[in-house]
Amino acid sequence: MSERAPTRSGSHIVIAMLIVAILTAAGFGYAVGASVLQSAVEKGIEATLGPISFALSPFNLFLYGMISVSIGMAVILGIVFFLSKYDTASLRD
């Protein structure tokens, strides 16, 4: 008797990749915020994202990285899910 090795669904792998991408963007945002924090505070620099203005700080750029990558990935994933509903093999018959 041979037992089959456990397999993972492709969606679990995609979700793991999305989480890693979001956390990486958040980490880079925090690092950039930490590196520009002193000069930004001295100069009173603010960033704007559409109608929202915020001061540059490690936490704000951490959130900005997480939110921007999350929105971008959600749009891409939504397009992929939408297009995956169409099976081209059944359309040929």
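Keep in mind that the numbers below use all heavy atoms, side chains included, and drop hydrogens, waters and symmetry copies. Quick note: residue numbers are just sequence positions, from 1.
Here the straight-line distance linking atom OG of Ser70 with atom CG of Leu77 works out to 11.5 Å at 0.5 Å rounding. Atom NE2 in His12 sits 15.0 Å away from atom CE in Met17 (nearest 0.5 Å).
Counting only residues at least two apart or on different chains, the ring-ring contact (aromatic ring centres under 6.0 Å, His included) pairs with a member in residues 58-82 are Phe82-Tyr86.
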Expected list for residues 20-27: side-chain donor-acceptor pairs under 3.5 angstrom, two or more places apart:
| unit_1 | atom_1 | unit_2 | atom_2 | d |
| --- | --- | --- | --- | --- |
| Thr24 | OG1 | Val20 | O | 2.7 |

